[in-house]
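Comments concern the structure below.
Excluded from the calculations below are hydrogen atoms, water molecules and symmetry mates; all remaining heavy atoms, backbone and side chain alike, are included.
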Amino acid sequence: MRRRTLTRTAAAAGAFLLASAVAGCGGNLGGDDEASADNFPDGAVTLMIGQDPGGSTDLIGRALADPASKDLDESMPVVNRPGANGAVAAKELEGKPADGQNLMVINASLIAITPLAVSEDEVVDIEDYEVVTGISQDDYVLVANPASGWKTVDDLIKSGKKVNFGTTGVGTGSQLSSQLLFNQAGVAGEDVPFDGGAPAMTAVLGKQVDVASIQLGEAYPQIQAGKLTPLVVFSKERNKYLEDVPTAIESGYDVPVSQYRAIVAPKGTPEETIDRLEEAFQAGFDDPAYQEFNEKNLLTPHEISGDEVVEEWTAARDSYAELVEKYDIDMGDAS
């Protein structure tokens with residue numbers, strides 16, 4: 001495995017001593033957590049999705065559940081619990097037994113961006129979960145209707161027009177990327193939130209809004225068809241699927257915003273269970289069908305360890321908070 005080697009060595013030594021003590025006491029010394037780890041998986045492993053069916057997160061979860069379930073030799077039903085950018089599912093997962101039988105695909109925006117738009121008691125903290133593994137990166141692209149005549153973000157800025165910009169909702173990477181860009185560029189604009197990427201994109205196609213920040217996988221077919229013009233991407237580096245489109249950073253704006261996803265389990269799930277789950281999802285990552293899914297949906301693999309996810313997402317949360325304060329951005333109230 002990629003991590004926890006020292007921890008498991010210590011755990012093994014501790015287990016030996018504990019087993020000796022249990023034997024000396026007639027074998028009656030708790031042991032429920034260890035038993036659950038030894039018996040894992042014990043039936044179906046449920047994978048919750050905090051978004052509606054058919055969206056990017058849902059499709060990713062379903063594509064990964066199939067090969068992971070085969071490795072575990074148990075079914076992995078996908079259950080959608082949409083609401084509050086994934087917070088509804090995340091809160092539900094907190095109340096589940098810490099035995100590895102219930103998991104969730106969680107979005108980085110819920111951890112790093114939504115806290116900028118909600119009250120403190122609504123914040124979801126990555127430290128409240130056991131992170132199994134990172135999954136992938138999905139980049140945002142700012143798109144315009146070709147009828148606007150804009151081919152670059154500079155064209156938009158120089159137009160001097162007050163811009164109506166569509167986003168995929170309050171407290172999302174779509175909203176943050178747009179507001180950071182327009183604030184830094186001195187563009188007057190009005191945020192028009194939609195419930196997801198599909199309606200935001202439809203609004204651009206129908207000229208109801210001027211532009212929208214949408215995940216590339218959703219926008220790409222319309223870009224290829226010439227019905228949307230990509231102006232700028234918000235990833236730290238150029239996206240390999242849109243190599244001719246510059247990043248906001250290249251264009252002179254401090255807007256490093258992408259969507260990342262990970263698999264999490266309830267806090268306190270045994271280390272051995274997390275390791276077994278990590279192994280199963282690694283088998284999923286190695287599956288040719290899943291790799292083809294990534295290519296087809298323009299996803300960049302970001303299959304990092306759980307420890308790296310916590311470090312990366314925590315740093316992003318702090319960085320975004322600083323940027324919002326620096327540029328005096330009001331993310332609004334998502335409640």
Side-chain angles (χ1 to χ4, degrees), residues 1-4 7 45-51 56-58 60-61 64 81-138 140 169-177 215 236 256-271 273-275 277-278 281-282 285 300-324 331 334-335:
M1 302 300 295
R2 296 192 300 270
R3 58 178 177 153
R4 305 186 179 95
T7 303
V45 176
T46 300
L47 183 63
M48 283 199 295
I49 307 291
Q51 286 72 30
S56 298
T57 304
D58 177 69
I60 291 168
L64 195 51
R81 293 282 191 271
N85 195 29
V88 171
K91 294 297 184 182
E92 181 176 334
L93 184 68
E94 278 192 67
K96 297 290 186 181
D99 56 9
Q101 300 292 148
N102 290 276
L103 310 172
M104 177 185 173
V105 179
I106 197 167
N107 291 345
S109 60
L110 176 63
I111 302 300
I113 300 175
T114 301
L116 303 174
V118 300
S119 60
E120 187 174 343
D121 62 346
E122 295 175 280
V123 170
V124 176
D125 191 338
I126 194 65
E127 296 283 359
D128 292 335
Y129 304 88
E130 304 292 347
V131 184
V132 178
T133 181
I135 303 176
S136 58
Q137 174 181 340
D138 195 0
Y140 291 99
V170 175
T172 63
S174 170
Q175 181 197 23
L176 179 62
S177 60
Q215 289 173 3
K236 293 180 180 179
V257 181
S258 291
Q259 180 68 287
Y260 298 91
R261 295 178 177 86
I263 302 289
V264 295
K267 192 72 174 179
T269 300
E271 192 82 9
T273 300
I274 296 296
D275 283 344
L277 285 166
E278 186 180 22
F281 284 109
Q282 184 59 55
F285 298 149
T300 301
H302 198 62
E303 297 154 4
I304 61 177
S305 73
D307 294 335
E308 290 172 299
V309 168
V310 173
E311 181 180 357
E312 181 180 80
W313 292 16
T314 301
R317 180 193 62 200
D318 296 343
S319 175
Y320 292 151
E322 291 174 3
L323 285 171
V324 165
M331 294 287 287
S335 61

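- Between Arg317 and the options Asp125, Val123, Ile126, a side chain to side chain contact (heavy atoms under 4.5 Å, CB included) holds for only Asp125.
- Residues Thr57 and Asp138 are not in side-chain contact: their nearest non-hydrogen atoms beyond the backbone lie 4.5 Å or more apart.
- Between Tyr260 and Val309 the shortest side-chain heavy-atom distance does not fall below 4.5 Å.
- Within a 6.0 Å radius of NZ in Lys267, other residues, nucleotides and ligands contribute more than 12 heavy atoms.
- Of all the heavy atoms in Ala262 and Val131, the pair that sits closest is CB-CG1, 4.3 Å.
- Rounding to the nearest 0.5 angstrom, the gap separating the CG atom in Leu64 from the CZ atom in Arg261 is 12.0 Å.
- The nearest pair of heavy atoms linking Gly171 to Ala117 is CA-CB, 3.9 Å.
- We find the CE-CG distance between Met48 and Leu93 to be 4.5 Å, quoted to the nearest 0.5 Å.
- Here the CG atom belonging to Leu103 is positioned 10.0 Å from the CD1 atom belonging to Ile49, to the nearest 0.5 angstrom.
- Between the side chain of Ser319 and the backbone N or O of Ala315, no donor-acceptor pair lies under 3.5 Å.
- Of the possible polar contacts, none joining the Thr46 side chain to the Asn102 backbone as a donor-acceptor pair under 3.5 Å is found.
- Between the side chain of Thr269 and the backbone N or O of Pro266, at least one donor-acceptor pair lies under 3.5 Å.
- Contact record, Ser109 with Pro115: O-CD, 4.3 Å, taken as the closest heavy-atom pair.
- Heavy-atom minimum distance, Ile106 versus Trp313: O-CH2, 3.5 Å.
- Separating the OG1 atom in Thr133 from the NE2 atom in His302 is a distance of 10.0 Å, to the nearest 0.5 Å.
- Within the 4.5 Å cutoff, side-chain heavy atoms of Asn107 are placed close to those of Gln51.
- Here Ile263 contributes atom CD1 and Glu303 contributes atom CD; the two are 11.0 Å apart, rounded to the nearest 0.5 Å.
- Residues Leu176 and Met331 form a side-chain contact, since some pair of their non-hydrogen atoms from C-beta on lies under 4.5 Å apart.
- In terms of heavy atoms, Ser305 sits closest to Glu308 at N-OE1, 2.9 Å.
- For the residue pair Tyr320 and Val257, the shortest heavy atom distance occurs at OH-CA, 3.6 Å.
- More than 12 heavy atoms of other residues, nucleotides or ligands shown are found within 6.0 angstrom of CD on Glu94.
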side-chain contact (heavy atoms from CB on, under 4.5 Å) between Asp99 and Thr273: does it pass, once the steps are laid out? CA-CA 7 Å; Asp99 56 9; Thr273 300; over 6 Å; no
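- For the atom pair CG of Leu110 and CE of Met104, the computed distance is 6.0 Å after rounding to the nearest 0.5 Å.
- Looking at Gln259 and Ser56, their side chains never come closer than 4.5 Å, going by heavy atoms from C-beta outward.
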